[in-house]
Visitor: 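One structure is given below, represented as structure tokens, and several questions about it will come after.
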Amino acid sequence: MLWTRWLVLLLWCGATSAEQQAEGQREEVRADPRRQRSPPPVEPLDFGFVPAAVYDTHAYYEPGTIGILFHMVHAFLYVVQPNSFPKDLIVSIIQQNMGGVKVEEWRKPENVVLLLQWIHYESGFLICGVFGIVFVVLTPIVATCFCMCRCCDNCGGEMHQRQRKNADCHRGFFTASLIATTIFIILGVLVAYAANHNISTQIKSTRRLINTNMRDLKTFANNTPAQIDYLTAQYTTAKNKVLSDLDNIGPLLGARIHSHLEKEVVPALDVALRMAGAKVESAIKAMRETKEALENVSSALEILQEGMGKLQASLAGERSSLSNTLSDPACTNGAVSPTCNTIRSTLPQLGTNADFSKLPNVNEALTNINTVLKIDLSNIVQKGYTSFNDTPAMVKEQTRNIVTALPRVKSMLDKIGNEIISFSKMFPVESSLANFTIFLNDRHKFIESFYPQVDQMDFYRWIACVAVLCTVVLILAFNMLGLLCGTCGYDKQASPTTRGCLSNTGGNLLMAGVGFSFIFAWVLMGLVTTLFVVGGNVEKLICEPLANRQLFKIIDTPFLVHPEKRNFLPGMLFQNPNIDLTLGSMYRECYENNGLYHALQLENIFNINSFLNRTVYNRDLAKVLEGVQVDLRDIMLLDQAGRDNLMNFANSGVGEIDYPAYLAEVNKGVTIVDLLSFCSDLEDQADQLPRGALENALKGHASSIRSIHREQVVPMEQAMSTLSQGIKLLQKMSNDLPMKVTNILSAIDAAEYLIAQNASHVVKQETKAFVHSLVGYFKQYTDWVKNSLSAEVAQCKPISNMVDSMEIVGCSFIIDSVNTFWMGLGACCILLIPSIVFSVKLAKYYRRMDTEDVFEDGQENWN
């Protein structure tokens, strides 16, 4: 018992499981209802393989050919006892007789009921047992009566044989029957001898099972400390991984954020940035068009203002020169005078119509536009992508405090590792196991010291069984010799009184076999009955329930051993019978080669949660991990200066231009009258005058006016067209500029909001996931320890092997062989009855008679 408790303590020292950590993780998940996705899987750590123990025992028995006989015995016992295992009945009997069996207690009604139930269950064995007892009792009585009857010349004792016509048929029938009976008896002897020999053979195999079981227990004891040391040493794997990830937090966390942004945020950001880019491009195009329009308006205005002065001077000169020409005396002629007066009346039309000198210039608006265009708005989209591409560098910069705290984290983790190692060394495991190994060696030597005695006792048993079988062989010898001598010496021509010596000897041998049958049959049946009752009940009440594990259910019945102790096994091992630990569950776990920690449910005995709280994930380490904070809200796609310039563009003065004044002057035309039409009219009127100097002078003025139109008016009309188009374009764009600027700022604000909110949410998730992965490394370690303790450390297969080995030795080696022995011997005893009958009948045909039947007609044939 002491070594068992030390073994329990040994397994406790490796019990650094992850129950508390797992509970903490579950609470963390429940405390974060905003979590929209489960954390990504933590990178699996390779802790290697726990040094495995190789056990030599193969607790499996295949009986071979004799297994057929074993199955025959089992089938016979099933016929005798077809009832199922009486678990409830046995439990009731044990519970009601806990204080001992008292005769007066059986008079109680409940005990009488139990007794009747037990009799009903044992009815098959009782009937067979009664038959065996009757056989044992009646055989000597029948033998005595048979001897006395023969002494009185009855029962075949009279040495006289009557003549029968079918005597040969009777003799042949009795001979064949006796031969068949003898053959079956021989088979029974062979079956019993095979069972007897199997016991001796398998007892030698028992040494191999004992040796392998002892070696397995030593292997179990020797490997367990190394397995526990391996568990504690693998904490370094998780520790080094955590330190490595913290040291490379910038690239690792940054890459994870960048990867997640590419999957979830970047698609939406692409849309926002494309929208912002499109609006920025539209605004830039509008700015450039505005600038071009302003430049056109400014240059056209300058051209018009300058050209208008020159045109006014040119037209004034022509008007004065034409007036002087019309003052010629030739115009006073009566026929010419109306024409001259008409021309003189049109002279006021030679003048300018529009006045561009009063129109304000657009230089101020043009200057503002040029200032705004100096801002490179086209890189806003690229700046947005660059911000995400620089995420690892930003994360590295923002987590510099974590990197600087690595030495402190390493010291914390080293301290945790030292505490785990110290905890594993808290109990004297090695010394306890050394004592356990010494105990095993002593027990093994003690068991081996009994081997000679066991061999000697088995030899005596083998001799005794052979001696018993020899009694049957003796009877068989008389039967076979009698049949041989009688058959060989029988003469058909000889009369009963003249039979030969060999035939008479055969008959006497048959009668000797009858005599020995009466002498030994009742003794053999007594032995068979005893072995049948004992061996059959052991098979049905112990071996079969042990094979199908029904026997464990009796032992595991609550409150069976003590009315106040619920379970037997935990009460014996841990003095705590309330633990839900049964012998059956322990056997199943050990049969599956799981760890003894799991098989004994040691987690109900030792509270390791407080140890985990102090070591694997303590508060100091949690504070360091909580310091991992990353923020992308400082990313700006457009600074305040850029925003101010955009607002300046909206307020550049384009909307303050006096567009009606410009349009009014542009729509007036350059001159009051079309100069070309005026020239054509002047030439037509000159053609009405008589040829002479006046006509030529007027046509010269017309040519001068055309030259003025061509050289001055036409460029001014082009400038006015340019001015008109620019003014109309500016007037149209002046209404859209505030809206365009607002759209640009709204798109940029939307993109920045996406970064500040959605991307920041992703960053928070990935940051939590990174911390989760760090914690996950420790959780992997604790889970691995728990799984290793459950399945790989201190694998208790030797315990189930011991139970199976005891079942093999006790049931398969011994009980099955004993049951096969009594089955063969019992068959011989039963077959001795017809053997006696057939021998007595057949001896009459072989023995020499004293008298015979005589007929007057002559001697009849006795055949």
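Just so it is clear, the values below take in all heavy atoms, side chains as well, and ignore hydrogens, waters and symmetry mates. Computed from a predicted model, the values in this text were never measured in an experiment.
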Visitor: Could you tell me whether the side chain of Asn508 and the main chain of Asn504 form a donor-acceptor pair under 3.5 Å?
Guide: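 Yes: the side chain of Asn508 pairs with the backbone of Asn504.
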
Visitor: What residue pairs, at least two apart or across chains, pass salt bridge (Lys or Arg N to Asp or Glu O under 4.0 Å) with a residue in residues 531-542?
Guide: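 Of all non-adjacent pairs touching residues 531-542, those that pass salt bridge (Lys or Arg N to Asp or Glu O under 4.0 Å) are Lys540-Glu544.
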
Visitor: For Ile185 and Leu832, which heavy atoms make the closest approach, and how far apart are they?
Guide: CD1-CD2, 4.1 Å

Visitor: Of Thr57, Asn801, Asp56, which meets side-chain hydrogen bond (donor to acceptor under 3.5 Å, both in side chains) against Thr212?
Guide: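 Output: one option passes, namely Thr57.
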
Visitor: Show, in sequence, the C-alpha distance, side-chain angles and deciding distance for Ile66 and Phe70, and conclude whether the side chain to side chain contact (heavy atoms under 4.5 Å, CB included) test is met.
Guide: CA-CA 7 Å; Ile66 199 173; Phe70 293 167; 3.8 Å; yes

Visitor: Begin from the C-alpha positions of Phe552 and Leu546 and carry the test side chain to side chain contact (heavy atoms under 4.5 Å, CB included) through to its verdict.
Guide: CA-CA 7 Å; Phe552 292 151; Leu546 186 60; 4.3 Å; yes

Visitor: Could you pull out the closest heavy-atom pair between Ile815 and Gly535, with the gap in Å?
Guide: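 Closest pair (atom of Ile815, atom of Gly535, distance): CG2-O, 3.9 Å.
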
Visitor: Do Phe446 and Phe450 have ring centroids that are under 6.0 Å from one another?
Guide: yes

Visitor: Evaluate the ring planes of Phe532 and Phe125, with Trp represented by its six-membered ring, and classify them as parallel (under 30°), tilted (30 to 60°) or perpendicular (over 60°).
Guide: tilted

Visitor: Give the ring-plane orientation class for Tyr61 versus Phe813, where under 30° counts as parallel, over 60° as perpendicular and anything between as tilted.
Guide: perpendicular

Visitor: Would the distance check show the side chain of Lys797 and the main-chain N or O of Tyr591 forming a donor-acceptor pair, the cut-off being under 3.5 Å?
Guide: yes

Visitor: Hey, what's the ring geometry for His197 with Tyr193, parallel, tilted or perpendicular (30° and 60° as the breaks)?
Guide: parallel

Visitor: Just say parallel, tilted or perpendicular for the rings of Phe459 and Trp462, cut-offs at 30° and 60°.
Guide: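 Parallel, since the angle between the ring planes stays under 30°.
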
Visitor: May I ask you to decide if Ile836's main-chain N or O and Ser839's side chain share a donor-acceptor pair within less than 3.5 Å?
Guide: no

Visitor: Which atom names give the shortest non-hydrogen contact between Gly129 and Thr529, and what distance separates them?
Guide: O-CG2, 4.0 Å

Visitor: Which is it for Phe220 and Tyr55 under the ring-ring contact (aromatic ring centres under 6.0 Å, His included) test, yes or no, and what are the steps along the way?
Guide: CA-CA 8 Å; Phe220 171 85; Tyr55 299 128; 7.3 Å; no

Visitor: Quick one: do Asp458 and Ile199 satisfy side chain to side chain contact (heavy atoms under 4.5 Å, CB included)? Show the steps, please.
Guide: CA-CA 8 Å; Asp458 178 66; Ile199 294 177; 4.1 Å; yes

Visitor: Under a plain distance cut-off of 3.5 Å, with no hydrogens placed, do His74 and Asn819 share a side-chain donor-acceptor pair?
Guide: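 Side-chain D/A pair, Asn819 to His74: absent.
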
Visitor: Under a plain distance cut-off of 3.5 Å, with no hydrogens placed, do Tyr460 and Gln456 share a side-chain donor-acceptor pair?
Guide: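 Side chains of Gln456 and Tyr460: pair found under 3.5 Å.
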
Visitor: Can you tell me if Arg549 and Tyr587 form a side-chain donor-acceptor pair at under 3.5 Å?
Guide: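 On atom types as modelled, these side chains qualify, holding a pair under 3.5 Å.
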
Visitor: Does Cys796 have any disulfide bond (SG atoms under 2.5 Å apart) partners at least two apart in sequence or in another chain, and if so, which?
Guide: Cys590

Visitor: For the residue pair Phe838 and Phe173, does the interplanar ring angle fall in the parallel (under 30°), tilted (30 to 60°) or perpendicular (over 60°) class?
Guide: perpendicular

Visitor: At their closest point, which heavy atom of Val137 faces which heavy atom of Pro140, and how far apart are they?
Guide: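 Val137 and Pro140 have their closest heavy atoms at O-CD, 3.3 Å.
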
Visitor: Using modelled atom types only, decide if a donor and an acceptor are shared between the side chain of Thr139 and the backbone of Val136 within a distance under 3.5 Å.
Guide: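 The answer is no, because no donor-acceptor pair under 3.5 Å joins these two groups.
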
Visitor: Hey, does the side chain of Ser123 reach the backbone of His120 with a donor-acceptor pair shorter than 3.5 angstrom?
Guide: yes

Visitor: Any side-chain donor paired with an acceptor under 3.5 Å for Asn196 and Arg461?
Guide: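 Asn196 vs Arg461: donor-acceptor pair found between side chains.
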
